[in-house]
Amino acid sequence: MHVKEGLSVDKRAVKAWITYDWANSAYATTVLAAVLPVFYASVAAATLDKDTAASYLAYTHSIGMLCVALLTPLLGTLADLSGRKGDFLRVFAITGIVSTLGFSVIGEGDWLLASTLLVLSTIGFAGGNTFYDAMLPDLVPAERRDMVSSKGYAYGYIGGGLLLAINLLMIQQPGWFGMPSTLAGTRLAFISVSMWWLLFSLPIFRYAPRRPASSELPASATGYAKVGVRRLRQTFGQIRRFPQLLRMLVAFWFFNDGINTIILMATIYGTSIGIGTSDLMLALLITQFIGFPCTLLLGAWAQRWGAKQVLLVSLSIYICIVILGYFMTQALHFYVLAGLVGVVQGISQSTARSLFSNLMPAARTGEYFGFVNITGKFASIFGPFVFGYVGQITGSTRWGILSLIFFFVAGIAVLLTVKVQKGMQDAQSADQEELERMQGLGMAGKGKDVTFTG
């Protein structure tokens, strides 16, 4: 498509982008949150004691996220140079899909194979999301990003929640699906996640947007690596040119660490205060299905009132969640808090994504989202550590959950200093400089014409 003074919207590509969140959220809900932790402990690591199995699973998650943190900034740079974020997304998604399918063949004691597949599927899932996030500025203009980003998260909630409900039935009522046992139902659940992920990824595989290749595009794999490393180095230096983006990044380090810690530790915290497994699983479903309408509704509000304002409100609600969590004593309380998390979790993440996309130069979103990814992954170690350390020295996980207030208060404080309009102007100026440079090299048309293909 040929665009004059802005970005023309390819509706097929936008729908395909939203559908991908529906596709891969099944992995996040069924594999990461609900099924794999129990399967790993009871089957894959059945030959190990429980404490060792839990440690091995934690180490595996750490290795997987470390691999993502190290890989995606470089690959994001290369995706920007080639203009083919969709191609990189496809490779990562297929890696995740095949690895998830592999869980279905794991037998008792195969903890090393399970850990290897978890590392690979984590790379596929989280690595692919870096390129997925970076596509947003290529799809829609700035004024529509809040709503489109919110729709992605909203449909991810409903898609992930729907398949999770089916998967839990497969496990708890395997006979309904022609399975002879709970273990067979669990294996079928893994297969269903991989098939779901593949099926609903096909639209983005076909309609992913493309940008023109950069004039720096090398001719060989070695050249790619050299240019990628050089541009990654430049990213660390050049991000200081965008002070509003840098402030947003610091705010994100804090509040995202708090959000991720709640996601990771909610089940353990609930178990520690005596809430049963069935209640925990049902609460997870509640979070998914409440998240769908609330993310859409609040996404519309973000488009009207501004992403920053809605993000500030959602983070304030997280503070209330943490305080209420400290006083929680029964399953009903956990259900209420799960509902509140469902209200704000999707909109917090979607508004953060749209804010980042507005504050970044459009020509380098893969590179900058890779930078956000790696720094966010390293920053995310502090929330669980603080939760565990405070709980350990006080002898109560209640104080551990209360300690997370710090991350939300600090995130809000820094976010209040972000001047969104000024940041957007800085990003647009950088894009104009890049366009003029490309024109000088004969890589673009005259005036403000920019060519995008999809």
Side-chain angles (χ1 to χ4, degrees), residues 26-70 95-126 164 167-168 170-172 174 179-194 260-281 284 377 380-389 391-393 395 397 400:
Y27 173 83
T29 53
T30 292
V31 177
L32 292 183
V35 178
L36 184 62
V38 177
F39 178 79
Y40 189 95
S42 61
V43 179
T47 54
L48 306 175
D49 65 77
K50 291 183 178 180
D51 290 337
T52 302
S55 296
Y56 282 10
L57 181 60
Y59 297 151
T60 301
H61 279 301
S62 298
I63 293 170
M65 296 315 298
L66 178 62
C67 291
V68 172
L70 295 176
T95 299
I97 290 165
V98 173
S99 301
T100 300
L101 184 62
F103 288 125
S104 65
V105 301
I106 290 174
E108 186 172 304
D110 292 337
W111 62 266
L112 183 57
L113 175 59
S115 291
T116 301
L117 291 173
L118 180 55
V119 169
L120 290 174
S121 62
T122 298
I123 292 172
F125 174 74
L164 176 60
N167 291 151
L168 291 178
M170 289 177 179
I171 295 168
Q172 295 175 359
M179 295 291 108
S181 64
T182 294
L183 179 57
T186 302
R187 297 187 192 282
L188 180 61
F190 288 131
I191 294 172
S192 70
V193 171
S194 63
N260 283 339
T261 303
I262 288 176
I263 293 171
L264 291 172
M265 308 306 296
T267 302
I268 294 175
Y269 178 63
T271 301
S272 72
I273 62 174
I275 297 175
T277 301
S278 60
D279 288 316
L280 295 173
M281 293 297 101
L284 179 59
K377 293 297 182 294
S380 66
I381 68 173
F382 295 105
F385 176 79
V386 170
F387 176 95
Y389 182 70
Q392 183 178 21
I393 63 175
T397 54

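Since the structure is predicted, the reported quantities are computational estimates derived from the model, not experimental observations. Because only heavy atoms are used, hydrogens play no part in the values below, and waters and symmetry mates are left out as well, while side chains stay in.
- Using a 4.5 Å heavy-atom cutoff, the side chains of Leu118 and Tyr40 are not in contact.
- Thr186 meets the side-chain hydrogen bond (donor to acceptor under 3.5 Å, both in side chains) test with no other residue; sequence neighbours excluded.
- Residues Val119 and Cys67 approach most closely at CG1-SG, 4.4 Å, considering heavy atoms.
- To the nearest 0.5 Å, atom OG1 of residue Thr30 and atom CG of residue Leu36 are 11.0 Å apart.
- The ring-ring contact (aromatic ring centres under 6.0 Å, His included) check on Phe125 picks up Tyr27, with sequence neighbours excluded.
- Under a 3.5 Å cut-off, the side chain of Ser192 and the backbone N or O of Ala189 do form a donor-acceptor pair.
- Going from atom CG of Asp110 over to atom OG of Ser115 covers 10.5 Å, rounded to the nearest 0.5 Å.
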task = Please assess Phe190 against Ile106 for the test side-chain contact (heavy atoms from CB on, under 4.5 Å), listing each intermediate value before the final yes or no.
result = CA-CA 11 Å; Phe190 288 131; Ile106 290 174; over 6 Å; no
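- The distance from the CE atom of Met179 to the CG atom of Leu188 is 5.0 Å, given to the nearest 0.5 Å.
- Residues forming a side-chain contact (heavy atoms from CB on, under 4.5 Å) with Ala41 (at least two apart in sequence, or on another chain): none.
- Partners of Thr29 under the side-chain hydrogen bond (donor to acceptor under 3.5 Å, both in side chains) rule, at least two apart in sequence or in another chain, do not exist in this structure.
- Judged as a side-chain contact (heavy atoms from CB on, under 4.5 Å), and not counting sequence neighbours, the contacts of Leu48 are Ala45, Thr52, Tyr56, Trp111.
- Take Thr95 and apply the side-chain hydrogen bond (donor to acceptor under 3.5 Å, both in side chains) test, not counting sequence neighbours, and it matches no residue.
- Judged as a side-chain hydrogen bond (donor to acceptor under 3.5 Å, both in side chains), not a single pair has a partner in residues 97-109 (not counting sequence neighbours).
- The two residues Phe103 and Arg187 have their closest heavy-atom pair at O-NH1, 4.3 Å.
- Scanning for side-chain contact (heavy atoms from CB on, under 4.5 Å) contacts around Leu284 gives Ala33, Ala34, Leu164, Gln288, with sequence neighbours left out.
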